[in-house]
Amino acid sequence: METQALWTEELTEQETAELISKVADEVHKRKLEVPAILFFEMHKPISRLAGNAMIFFAPFIAPFVGIDNVHNYSRLLMESSNVERLIQEIEDRESESKSEEAQAS
């Protein structure tokens, strides 16, 4: 990946869906739906700032999570509509889990 091209192109719809699904899976796996929803709802208005902060702190974050992850998630946060989609996906996973538990009982 060329460094000049980093953070200039937007995510495709497929990339966005994959990233949102990956985050929602991790949140659901750890049973942190409510805290995650609260966090994303509170920070939705400043999601663009968070995306830019990830770019600024990329040299410090990248050794831990990888430059590709920093690149992709910062672009994901640039759009507040993506944050809303993420919240919706987390809520959907939580409701599916509850309905499966109710059926099992």
Item to check | Closest non-hydrogen atom pair, Val70 against Ala58 | outcome: CG1-CB, 3.8 Å

Checklist entry - Which residues satisfy the ring pair (Phe, Tyr, Trp, His ring centres under 6.0 Å) test with Phe57, sequence neighbours excluded? => result none

Item to check | CD (Glu10) with more than 12 external heavy atoms under 6.0 Å | outcome: no

Checklist entry - Would you say Glu96 and His28 make side-chain contact, with heavy atoms under 4.5 Å? => result no

Checklist entry - Just wondering, do Glu94 and Ile37 contact through their side chains at under 4.5 Å, heavy atoms? => result yes

Checklist entry - Under a 4.5 Å side-chain heavy-atom rule over Ile, Leu, Val, Met, Phe, Trp and Tyr, are Leu32 and Ile90 clustered together? => result yes

Checklist entry - Mind checking whether Phe56 and Ile61 sit in one hydrophobic cluster, side chains of I, L, V, M, F, W, Y counted as touching below 4.5 Å? => result yes

Next on the checklist: If we ignore hydrogens and angles and just use 3.5 Å, is the side chain of His71 paired with the main-chain N or O of Ile67 as donor and acceptor?
Outcome noted: no

Item to check | Under 3.5 Å: donor-acceptor pair, side chain of Ser80, backbone of Lys44 | outcome: no

Checklist outcome for this item: In this structure, CG of Asn69 is separated from CE of Met54 (nearest 0.5 Å) by 8.5 Å

Next on the checklist: Within the structure provided, determine whether Glu84 and Glu41 are in side-chain contact (heavy-atom separation under 4.5 Å).
Outcome noted: yes

Item to check | Electrostatic pair Glu79-Arg85, nearest N-O below 4.0 angstrom | outcome: no

Item to check | Spacing of Glu9 atom CD and Glu15 atom CD [to the nearest 0.5 Å] | outcome: 8.0 Å

Item to check | Minimum side-chain heavy-atom gap Asn52-Met78 below 4.5 Å | outcome: yes

Item to check | For Ser74 against Gly51, the heavy-atom pair lying closest together | outcome: CB-O, 3.5 Å

Item to check | Interatomic spacing from NZ in Lys31 to OG in Ser97 - rounded to 0.5 Å | outcome: 5.0 Å

Checklist entry - When clusters are formed by joining ILVMFWY residues with side-chain heavy atoms under 4.5 Å apart, either directly or through shared neighbours, do Val65 and Phe60 land in the same one? => result yes

Checklist entry - Taking a hydrophobic cluster as the set of Ile, Leu, Val, Met, Phe, Trp and Tyr residues connected by side-chain heavy atoms closer than 4.5 Å, whether directly or through intermediates, do Val27 and Phe39 fall within one such cluster? => result yes

Checklist entry - Would you find a donor on one side and an acceptor on the other, under 3.5 Å apart, between the side chain of Asn82 and the backbone of Leu77? => result no

Would you mind writing out the side-chain donor-acceptor pairs for residues 16-23 within the sub-3.5 Å range, not counting sequence neighbours?
from	atom 1	to	atom 2	distance (Å)
Thr16	OG1	Thr12	O	2.9
Glu18	OE2	Gln14	NE2	3.2
Ser21	OG	Arg93	NH2	3.2

Next on the checklist: I'd like to know if Glu101 and Lys98 make a salt bridge, using a cut-off of under 4.0 Å between side-chain N and carboxylate O.
Outcome noted: no

